[in-house]
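Below, read A as the first sequence line, B as the second, and so on, with proteins coming before strands; counting in each chain starts at 1.
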2 protein chains.
Amino acid sequence: LLELRGIGKNFHTDDVETRALADIELSIGKGEFVSISGPSGSGKSTLLSILGLLDVPTQGEYRIDGQDTAKLDPTRRAVVRNKSIGFIFQAFNLIGDLTVEENVALPLTYRRNMPAAERKQRVAQALDAVNMSHRARHLPAQLSGGQQQRVAVARAVAGDPLILLADEPTGNLDSKNGDAVMELLEGLHANGATICMVTHNPDYARKATRVVELFDGRLAENGRS
Amino acid sequence: LLELRGIGKNFHTDDVETRALADIELSIGKGEFVSISGPSGSGKSTLLSILGLLDVPTQGEYRIDGQDTAKLDPTRRAVVRNKSIGFIFQAFNLIGDLTVEENVALPLTYRRNMPAAERKQRVAQALDAVNMSHRARHLPAQLSGGQQQRVAVARAVAGDPLILLADEPTGNLDSKNGDAVMELLEGLHANGATICMVTHNPDYARKATRVVELFDGRLAENGRS
Ligand SMILES: Nc1ncnc2c1ncn2[C@@H]1O[C@H](COP(=O)(O)OP(=O)(O)OP(=O)(O)O)[C@@H](O)[C@H]1O
Ligand SMILES: Nc1ncnc2c1ncn2[C@@H]1O[C@H](COP(=O)(O)OP(=O)(O)OP(=O)(O)O)[C@@H](O)[C@H]1O
Ligand SMILES: [Mg+2]
Ligand SMILES: [Mg+2]
């Protein structure tokens with residue numbers, strides 16, 4: 001269970017303070033599929049970064065399974081993140097001097113006790129699921145925008161994460177590839193994963209069990225869809 | 001007038017050759033608005049890079065206003081590009097250590113005879129048109145994905161280019177911001193600019209005067225829309 005109480009996030013740049021998030025109250029149950037939408041700059045990626053322990057809130061409290069994440073030391077935060085959270089970044093964030101398969105395998109190398117053979121198999125399966133097996137040995141710079149996005153999706157799902165945070169996972173994709181990515185997410189959800197997905201695509205937002213809208217850093221609607 | 005005759009583009013990586021484009025025959029008249037769509041990896045960005053003199057074809061001939069672009073030396077290519085072509089990159093390609101307004105002003109500094117006052121005014125107008133004036137002094141890393149995209153659009157249109165090449169200019173935007181970008185492009189078109197836009201969004205593709213479909217590097221359809 002993910003619980004946000006009174007969460008705010010401010011960024012300071014020179015003389016300007018930007019309130020990216022304010023007074024966010026949100027609980028996400030195990031196995032829920034939540035879709036997050038809202039205008040450009042409304043705080044969606046910031047919310048996902050806090051949920052994924054990639055950033056810390058300026059105000060408020062964030063608990064994972066009842067535990068206050070502010071009390072976790074950096075090592076413990078990394079353990080929780082690598083063990084249970086998969087992240088699909090809006091800007092893909094692939095590592096330029098690693099091949100496609102090395103990028104997908106990287107998060108798995110943080111998992112203790114995973115034999116090399118299992119790692120190899122998971123990488124192959126994940127690349128196959130996004131139709132990118134034929135480019136396993138290429139570098140990110142040799143791929144198109146949509147191909148890079150598909151590799152980013154494969155990297156996030158290869159480890160069967162308990163929690164998947166997806167930031168516009170289909171933004172650069174045509175409908176056929178977009179549908180394939182959604183099927184992958186829905187498959188993970190059917191297996192019990194908790195998913196938070198940012199999307200501007202209304203058809204994909206409808207696949208979620210709940211829709212959350214952000215506007216200027218505040219929650220606009222917390223309804224059932 | 002942009003004319004592509006038998007254009008092909010191959011990429012070589014280690015032992016693999018990827019045919020990104022093959023046998024492309026395409027003429028684009030002055031003042032046309034052409035939309036380009038097709039699956040991820042089908043060659044759309046490669047086609048735009050060739051049209052924008054950012055890459056050279058492996059086969060075939062590309063003429064701008066009757067002139068064979070293969071005969072242009074690098075300096076002349078840069079002059080033609082900076083004088084007449086605006087480019088909105090799929091990955092934005094903003095320069096990280098320049099502020100938003102410096103990024104938007106950069107292409108204008110290549111134009112001879114443009115007084116500083118005019119440059120400043122064009123920058124302010126372009127940022128205003130994409131609702132980003134309030135972030136003029138921030139750096140790209142301090143912006144959301146959609147905000148960076150809007151700055152990339154402002155940079156491409158500030159100089160009122162004769163030819164605008166837009167690679168999924170609304171991919172990271174909500175519908176309100178997406179519509180604002182499209183209005184900007186339609187305004188340029190109304191003033192006589194030639195536009196080639198890659199998009200996965202069928203509503204926006206319909207705004208074009210012609211739709212071109214790419215599939216595995218080949219033109220599938222060259223119809224009127
Ligand atoms: N530098 C490169 N080296 C090797 N292959 C490349 C390179 N750039 C592009 N390609 C390949 O050329 C093909 C066409 O790429 P392109 O970027 O034009 O696709 P696209 O239609 O824009 O796709 P998307 O919708 O995913 O952005 C792809 O298979 C891609 O992997
Ligand atoms: N490092 C930073 N420094 C300053 N401001 C920031 C920083 N990161 C984000 N912001 C600001 O915080 C606000 C929220 O950004 P966020 O990336 O969460 O938006 P978003 O909803 O994901 O938008 P988009 O749909 O454009 O991706 C924006 O106004 C943005 O400019
Ligand atoms: Mg975002
Ligand atoms: Mg592309």
For this session: Start with the C-alpha gap between B:N172 and A:E168, add the side-chain angles, then the distance that decides, and say whether side-chain contact (heavy atoms from CB on, under 4.5 Å) holds.
Result: CA-CA 8 Å; B:N172 278 285; A:E168 303 191 29; 3.5 Å; yes
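To the nearest 0.5 Å, atoms CD (A:Q149) and CD (B:Q90) are separated by 9.0 Å.
With contacts defined as side-chain heavy-atom distances shorter than 4.5 Å, the pair B:T18/A:H138 qualifies. The closest side-chain heavy-atom distance from A:P39 to B:K176 is not below 4.5 Å.
Ranked by heavy-atom pairs under 4.5 Å with chain B, the list A:N177, A:T13, A:N201 is led by A:T13.
Looking only at distances, no side-chain donor or acceptor of B:D174 sits under 3.5 Å from a matching main-chain atom of A:H200.
For chain A, the nearby part of B:S144 is the side chain; its heavy atoms alone come within less than 4.5 Å.
Listed here is the closest heavy atom pair of B:Q147 and A:G41: NE2-CA, 3.7 Å.
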